[in-house]
Every structure is written in structure tokens, then in C-alpha cells.
Amino acid sequence: TTMDSNNNSIKDRVLQAIATGRVAMRPRWHFVLRAGLLVVGTVLAGLSVLYLVSFIFFVLRENRLWFVPAFGLRGWGVFFSSLPWLLLLLAALFILLLEILVRKYSFAFRKPLLYSTLGIVVLVLVGGFGLEETRIHHGLLEQARQNNLPIAGGFYRAYGLPPQDHLADGIIQDMIERGYRIRDRRDQTMDVIVTDDTAFPTGRDLTIGDTIIVIGDRHANTITAAGIRRIAPGVPDLRPRPTSPGLK
């Protein structure tokens with residue numbers, strides 16, 4: 001039949017190509033090794049992007065950036081200028097690499113590119129948030145502060161505190177004539193100056209012992225507040241952190 005003739009013709013051409021050296025026969029171990037490398041690469045890319053995304057969530061929480069957009073346009077400006085853009089770029093590159101690797105699997109190759117990409121992004125965001133909730137980064141940050149993390153210590157210390165130019169947070173220690181005196185997580189005292197233009201998204205009824213976030217213009221140990229927001233006890237950002245004797 002015509003079909004049998006076509007099959008024989010294809011078979012003859014393949015055998016002829018092999019005989020002339022145009023097609024090389026590859027041993028089984030080659031395909032096994034290739035499949036193994038694909039699996040290992042996918043796992044490593046997945047773990048890397050989960051770590052990066054979880055660390056980005058950690059930075060947003062540790063630096064109190066979650067609350068900054070409540071201050072309006074200026075808050076959004078500080079938020080975007082304070083984002084760890086290098087980490088976000090690295091995470092995006094790992095997501096792209098993970099997408100390329102996953103597309104080599106038959107279950108993903110048959111799906112539209114948009115669906116597989118969205119699926120990876122959702123899984124990465126959920127997994128990264130869940131990993132951050134384990135507080136692994138908080139523990140590593142404390143180790144870095146005690147100089148017990150030789151390899152990644154500088155990395156954690158660099159991202160472990162909020163930017164000092166336009167943002168401050170701390171506990172109110174005293175009421176001063178024009179505002180508040182706070183002690184921040186660097187164990188430094190800072191005067192928060194309140195003006196007629198200072199916004200209070202959570203109300204002005206602040207008292208000694210309240211933890212606040214301040215956005216404004218900072219000069220040395222004084223910050224002129226454009227906005228002040230109280231962080232209520234019990235929110236995730238105020239979860240107790242492990243402490244060590246002599247650690248500030």
C-alpha cells in the first residue's frame with residue numbers, strides 16, 4: 001500500500017543517513033544524562049527563585065516597606081525607590097530560566113505559554129511567601145549581626161535595615177515640644193518633628209511605647225515628618241526576633 005511504501009521510504013532514508021554519517025547513533029546513557037541534567041537544572045532554578053522571592057518578602061517586612069504606600073504619592077515614591085531592584089531582576093531572570101526548563105517537559109509544552117508562565121509565577125509567589133513565614137531569613141539575619149554568617153553575612157546586613165534617607169521606624173521614648181523622640185532598631189535616638197502638613201493615616205493619638213513608621217526628610221538624628229503611622233501590636237512585622245546578649 002501507499003502508506004507502507006512511505007514508511008519504508010522514510011526508514012530507508014534514515015538508515016542511509018546513519019550509514020553515511022549524517023546522523024549519529026547516540027547511546028541510551030546520553031538521553032538518561034540529558035534528562036537527569038534537565039531535572040537537576042529545574043530543581044536548582046526552582047529553589048533559587050524561591051529563595052530570592054522569599055528574601056524579597058523578608059526585606060519588605062523587615063524594612064517596613066509594606067506600610068509606606070499608606071502615605072500617598074510620596075509613600076509610593078519611597079516604596080519604589082527602596083525596593084531591592086537587583087533582587088527583583090535576579091528573580092525575574094530565574095523565573096525566565098525556570099520557564100525555559102519547564103517548557104521542555106511534555107506536560108508544559110502542550111500548554112499555552114501564558115498559562116505555564118502564570119502558573120510558575122503563582123507557585124513562586126506562594127512558595128516564596130510560605131518560605132519567608134518559616135522565619136529562616138530572620139534567623140540568618142541574627143547570625144549575620146553576630147558575625148556568625150561568614151559567606152552571606154554582608155548580604156543580610158545590607159538589606160536588614162530600612163533606608164535612612166526618607167524613612168525611619170522606632171519606639172516612642174518621649175514627647176518633645178514639636179513631636180516625638182524615638183529609638184530605632186539601630187539603637188539610635190531620633191527626634192521626629194511634626195508640622196502642620198504631617199499626615200497621620202492611623203490617627204494622631206500616639207503615646208510613649210508606640211511603634212511608629214515615619215516618612216520625611218532626615219538630617220542627622222532629626223527627621224521632619226511628612227507622615228507618621230503607628231504599627232499596632234500583633235502585626236507580623238512586630239513578631240519577636242531572637243536576641244543575643246550584647247546584641248543591639
Side-chain angles (χ1 to χ4, degrees), residues 36-71 73-145 148-167 169 185 213 215 235-239 241-242:
L37 290 176
L38 178 60
V39 171
V40 171
T42 303
V43 171
L44 290 178
L47 292 176
S48 298
V49 74
L50 282 178
Y51 171 82
L52 282 172
V53 171
S54 67
F55 187 78
I56 291 170
F57 280 126
F58 163 73
V59 170
L60 293 179
R61 289 196 180 200
E62 187 70 14
N63 293 352
R64 309 294 196 249
L65 291 176
W66 284 129
F67 302 99
V68 173
F71 294 116
L73 288 178
R74 180 162 186 177
W76 280 107
V78 173
F79 177 81
F80 283 112
S81 65
S82 303
L83 284 175
W85 288 107
L86 178 59
L87 298 181
L88 289 169
L89 177 60
L90 286 175
L93 291 176
F94 272 105
I95 289 176
L96 177 61
L97 175 61
L98 189 60
E99 168 66 21
I100 293 173
L101 292 173
V102 169
R103 292 295 293 181
K104 295 183 179 297
Y105 293 95
S106 60
F107 68 87
F109 183 77
R110 298 192 182 108
K111 301 293 183 181
L113 180 62
L114 178 62
Y115 292 169
S116 61
T117 302
L118 287 177
I120 289 175
V121 170
V122 170
L123 287 175
V124 165
L125 291 177
V126 173
F129 184 81
L131 182 59
E132 197 280 330
E133 284 290 321
T134 65
R135 298 182 58 79
I136 182 174
H137 296 296
H138 294 267
L140 291 173
L141 175 60
E142 293 304 323
Q143 293 297 316
R145 287 172 173 166
N148 293 330
L149 196 66
I151 297 178
F155 178 74
Y156 272 88
R157 286 190 293 270
Y159 287 101
L161 289 171
Q164 299 187 63
D165 293 337
H166 302 288
L167 187 64
D169 71 312
R185 285 179 289 161
I213 297 176
I215 185 174
V235 299
D237 300 76
L238 292 182
R239 293 172 297 184
R241 297 187 305 182

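All of these numbers come straight from a predicted model, not from anything done at the bench.
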In chain order, what residues pass the side-chain contact (heavy atoms from CB on, under 4.5 Å) check against Leu125, with sequence neighbours excluded?
Val53, Phe57, Val121

The side-chain contact (heavy atoms from CB on, under 4.5 Å) partners of Leu88 (sequence neighbours excluded) come to Ile56, Leu83, Trp85

What closest approach, in Å, do Ile136 and Leu131 show between heavy atoms, and which atom pair accounts for it?
CG2-O, 3.9 Å

Please report the interatomic distance OG1(Thr42) to CG(Leu97), rounded to the nearest 0.5 Å.
8.0 Å

For Ile120, which residues count as a side-chain contact (heavy atoms from CB on, under 4.5 Å) partner, sequence neighbours excluded?
Ile95, Leu98, Glu99, Val102, Val124

Hey, which of Glu132, Gln143, Arg61 is the one that makes side-chain hydrogen bond (donor to acceptor under 3.5 Å, both in side chains) with His138?
Glu132

Would you name the heavy atoms of Phe94 and Ala45 that are closest together and state the gap between them?
CD2-O, 4.2 Å

Residues in ring-ring contact (aromatic ring centres under 6.0 Å, His included) contact with Phe55, at least two apart in sequence or another chain
Phe58, His137, Phe155, Tyr156, Tyr159

Applying side-chain contact (heavy atoms from CB on, under 4.5 Å), can you list everything that pairs with Val126, at least two apart in sequence or on another chain?
Val122

Heavy-atom pair of closest approach, residues Arg64 and Asp169:
NE-OD2, 3.3 Å

Where do Pro84 and Val59 come nearest, in terms of heavy atoms and distance?
CG-CG1, 4.3 Å

Would you say Leu37 has more than 12 foreign heavy atoms packed within less than 6.0 Å of its CG?
yes

